[in-house]
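For reference, the structure is listed below as structure tokens.
Keep in mind the model is a prediction, meaning the values are calculated, not measured. Heavy-atom basis, side chains included; hydrogens, waters and symmetry copies ignored.
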Amino acid sequence: MATGGSTPQFAALYVGDLHPDVTEAMLWEIFNSVGPVGSIRVCRDSISRKSLGYAYINFHSVADAERALETLNYSSIKGRACRIMFSQRDPSLRKSGVGNIFVKNLDRNIDNKALYDTFSLFGSILSCKVAADAQGKSRGYGFVHYETEEAAKQAIERVNNMQIGDKQVQVQSFLSRGDRPAAVDFTNVYAKNLPDDFDDKKLEEMFGGYGTITSSCILEDKQGRKFCFVNFDKTEAAKKAVEELNGKDLRTDEQKSQQKEEDKPEDYLLYVSRAQTKAERARELREKTKATSGSQPRAQGVNLYIKNLDEDITDASLRELFEPFGTITSAVAVKDEKDNCKGFGFVCYASPDEATKAVTEMHLKVVKGKPLYVGLAEKKEQRQERLRQRYSPGGCGPMGKGMGGKDMGKGGKGMMGGK
């Protein structure tokens with residue numbers, strides 16, 4: 001592999017896609033055969049200590065690290081092809097998107113190595129990955145990150161619309177979610193705040209006048225409230241339905257007369273919009289929450305973050321667990337779409353002393369067979385800054401206590417690994 005340009009000139013490698021049972025000792029045997037290894041660390045969950053599927057390996061020399069990358073990349077370790085690249089100390093290179101391309105419509109038989117072999121012709125590759133599901137099956141798309149933007153442009157020009165395997169692939173510059181244009185053309189429409197007696201016949205009456213309906217369904221949430229999806233054959237029909245139906249009041253005169261002062265329009269007016277994916281809804285909710293938290297004063301008190309909660313934990317049971325230590329102003333067990341706890345939550349106390357007592361008493365306490373993690377809640381920016389300082393070149397880094405002791409090798413101190 002070429003070492004010019006911005007290729008990292010230190011001897012730390014990132015090894016990903018590892019089997020959960022792979023240990024430091026196994027990696028030592030494999031990589032030490034290439035050259036003297038300074039240290040190895042398999043990254044693990046802080047609570048369960050289970051492998052996270054990747055490791056950092058520090059060689060004594062850059063030449064040995066390069067040789068390991070060239071000879072062992074995509075080799076099989078416990079039945080899985082490992083993915084090796086130089087560890088990127090500076091995350092800005094990954095986040096900038098420079099030299100990063102997106103490849104879609106991939107043949108499902110194309111794996112990481114085949115993708116690498118195809119695109120390595122155009123320049124030095126920092127990372128290369130085919131997206132896969134939990135079973136390791138290809139999702140039909142992948143990413144290639146080049147050392148230079150020129151190599152990425154050449155790859156797009158040469159490979160776009162070329163047949164690889166049994167499919168013609170599309171290759172384009174990678175865009176982060178924030179930079180992707182909002183969907184303009186759509187045919188699928190979502191509607192909520194529907195009448196209780198809403199059925200297929202009424203759906204046809206309401207939406208059929210705007211165009212041909214190719215499919216539709218009516219569903220209910222856990223509170224018994226109805227919502228539906230309607231797919232049209234043309235974008236124009238879907239847009240017209242949204243423009244004319246959104247905000248319409250479908251209540252009867254009797255229901256209008258029973259309206260209370262605290263009732264909000266968004267709770268009873270018909271809501272019709274483009275149907276969004278789960279990822280789009282989550283992103284929109286995050287943006288709204290961010291905007292709200294930025295414009296309103298935060299609640300007084302000390303907020304604690306609790307991790308490793310059982311999926312049956314509710315807001316009430318979380319409050320009950322932490323009430324003995326003081327006055328709780330809020331307690332939230334974060335839920336998924338199935339209303340199960342995601343494994344973490346937040347408890348806010350009225351005073352710092354109460355929060356300190358809760359941390360002292362509850363941290364690592366076993367609740368429903370799981371040891372809890374309890375600590376002060378941090379904003380994302382604060383957590384990132386703390387981690388940045390911790391893994392800075394002067395800090396201990398992720399490899400400070402890896403296999404091999406203090407000897408980190410040349411340039412190996414405080415290596416912050418990046419994918």
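- Other residues, nucleotides and ligands contribute only 12 or fewer heavy atoms inside 6.0 Å of the CD atom of Glu254.
- We find the OG-CG distance between Ser273 and Asn246 to be 7.0 Å, quoted to the nearest 0.5 Å.
- Annotation for Lys50: atom NZ does not count as buried by contact number, only 12 or fewer foreign heavy atoms lying within 6.0 Å.
- Listed by first and then second residue, the side chain to side chain donor-acceptor pair (under 3.5 Å) pairs that reach into residues 353-362 are Ser351-Glu354, sequence neighbours excluded.
- For NZ of Lys307, the number of neighbouring non-hydrogen atoms (other residues, nucleotides, ligands) closer than 6.0 Å is greater than 12.
- In this structure, Tyr271 and Phe227 have side chains that are not in contact, with every pair of non-hydrogen atoms separated by 4.5 Å or more.
- We find the OG-CG distance between Ser75 and Leu72 to be 4.5 Å, quoted to the nearest 0.5 Å.
- Residues that satisfy the ring pair (Phe, Tyr, Trp, His ring centres under 6.0 Å) test with Phe344, not counting sequence neighbours, are absent from this structure.
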Give the table of side-chain donor-acceptor pairs shorter than 3.5 Å for residues 209-217, with sequence neighbours excluded, one pair per line with atom names and distance.
{"from": "Tyr210", "atom 1": "OH", "to": "Glu244", "atom 2": "OE1", "distance (Å)": "3.3"}
{"from": "Thr214", "atom 1": "OG1", "to": "Asn231", "atom 2": "O", "distance (Å)": "3.0"}
{"from": "Thr214", "atom 1": "OG1", "to": "Asn231", "atom 2": "ND2", "distance (Å)": "2.9"}

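- Sorted by first then second residue, the side chain to side chain donor-acceptor pair (under 3.5 Å) pairs that include residues 154-170, not counting sequence neighbours, number zero.
- For the pair Leu27/Leu18, a side-chain contact is recorded, criterion being any heavy-atom separation below 4.5 Å from C-beta on.
- Without hydrogens or angle criteria, Lys226 side chain to Asp196 main chain gives a donor-acceptor distance under 3.5 Å.
- Between Pro20 and Arg44 the shortest side-chain heavy-atom distance does not fall below 4.5 Å.
- For Ser76, there are no side chain to side chain contact (heavy atoms under 4.5 Å, CB included) partners two or more places apart in sequence or in a different chain.
- Under the rule for a side chain to side chain contact (heavy atoms under 4.5 Å, CB included), the partners of Gln255 that lie at least two apart in sequence or sit in another chain are Arg251, Thr252.
- Applying the ring pair (Phe, Tyr, Trp, His ring centres under 6.0 Å) rule to Phe229 yields the partners Tyr190; only residues at least two apart in sequence or on another chain are considered.
- Under the 30°/60° scheme for interplanar angles, the aromatic rings of Tyr305 and Phe346 are found to be tilted.
- With 3.5 Å as the limit, one finds no donor-acceptor pair spanning the side chains of Thr118 and Tyr116.
- Of the N and O atoms on the side chains of Asn112 and Asp17, at least one donor lies less than 3.5 Å from an acceptor on the other residue.
- Applying the ring pair (Phe, Tyr, Trp, His ring centres under 6.0 Å) test to Phe325 and every residue at least two apart in sequence or in another chain returns nothing.
- Side-chain contact between Phe198 and Leu203 is present, with at least one heavy-atom pair separated by less than 4.5 Å.
- Judged by distance alone, the side chain of Asn308 and the main-chain N or O of Leu372 form no donor-acceptor pair under 3.5 Å.
- A donor-acceptor distance shorter than 3.5 angstrom exists from the side chain of Thr329 to the backbone of Cys348, with no hydrogens or angles considered.
- In this structure the side chain of Arg225 never reaches within 4.5 angstrom of the side chain of Glu220, judged on heavy atoms.
- The side chain to side chain contact (heavy atoms under 4.5 Å, CB included) check on Leu318 picks up Leu309, Ile313, Phe322, Ala333, Val347, with sequence neighbours excluded.
- Counting heavy-atom neighbours within 6.0 Å of Glu323 CD, excluding the residue itself, gives a total above 12.
- Electrostatic pairing of Lys137 and Asp133 does not count as a salt bridge here, judged by no charged N lying under 4.0 Å from a carboxylate O.
- When ring centroids are compared, Phe122 and Tyr146 stay outside the 6.0 Å threshold.
- Side chains of Lys335 and Lys342 form no contact here, defined as non-hydrogen atoms less than 4.5 Å apart.
- Of the inter-residue distances, the one linking Ile47 atom CD1 with Asp45 atom CG reads 6.5 Å to the nearest 0.5 angstrom.
- By the 6.0 Å contact criterion, NZ on Lys104 is open, its count of non-hydrogen atoms from other residues, nucleotides or ligands being 12 or less.
- Contacts of Asp200 classified as side chain to side chain contact (heavy atoms under 4.5 Å, CB included), with partners at least two apart in sequence or in another chain: Ile218.
- Judged purely by atom type and a 3.5 angstrom limit, Asn193 uses its side chain to pair as donor or acceptor with the backbone of Leu269.
- Remark: Asn73 engages no residue in a side chain to side chain donor-acceptor pair (under 3.5 Å) (not counting sequence neighbours).
- A salt bridge is absent between Glu311 and Lys370: the closest approach of a Lys/Arg side-chain nitrogen to an acidic carboxylate oxygen does not fall below 4.0 angstrom.
- For His363, the ring pair (Phe, Tyr, Trp, His ring centres under 6.0 Å) criterion is met by Tyr373, not counting sequence neighbours.
- Counting heavy atoms from C-beta on, the side chains of Phe31 and Val15 come closer than 4.5 Å.
- A salt bridge links Asp117 with Lys113; the closest basic N to acidic carboxylate O contact falls under 4.0 Å.
- Ring centers of Phe86 and Tyr14: at least 6.0 Å apart, outside the cut-off.
- Under the 3.5 Å distance criterion, the side-chain polar atoms of Ser317 are matched with a main-chain donor or acceptor of Thr314.
- Using a 4.5 Å cut-off on side-chain heavy atoms (C-beta onward), Met206 and Leu250 make contact.
- A distance-only check finds a donor-acceptor pair linking the side chain of Glu149 to the backbone of Gly99 [under 3.5 Å].
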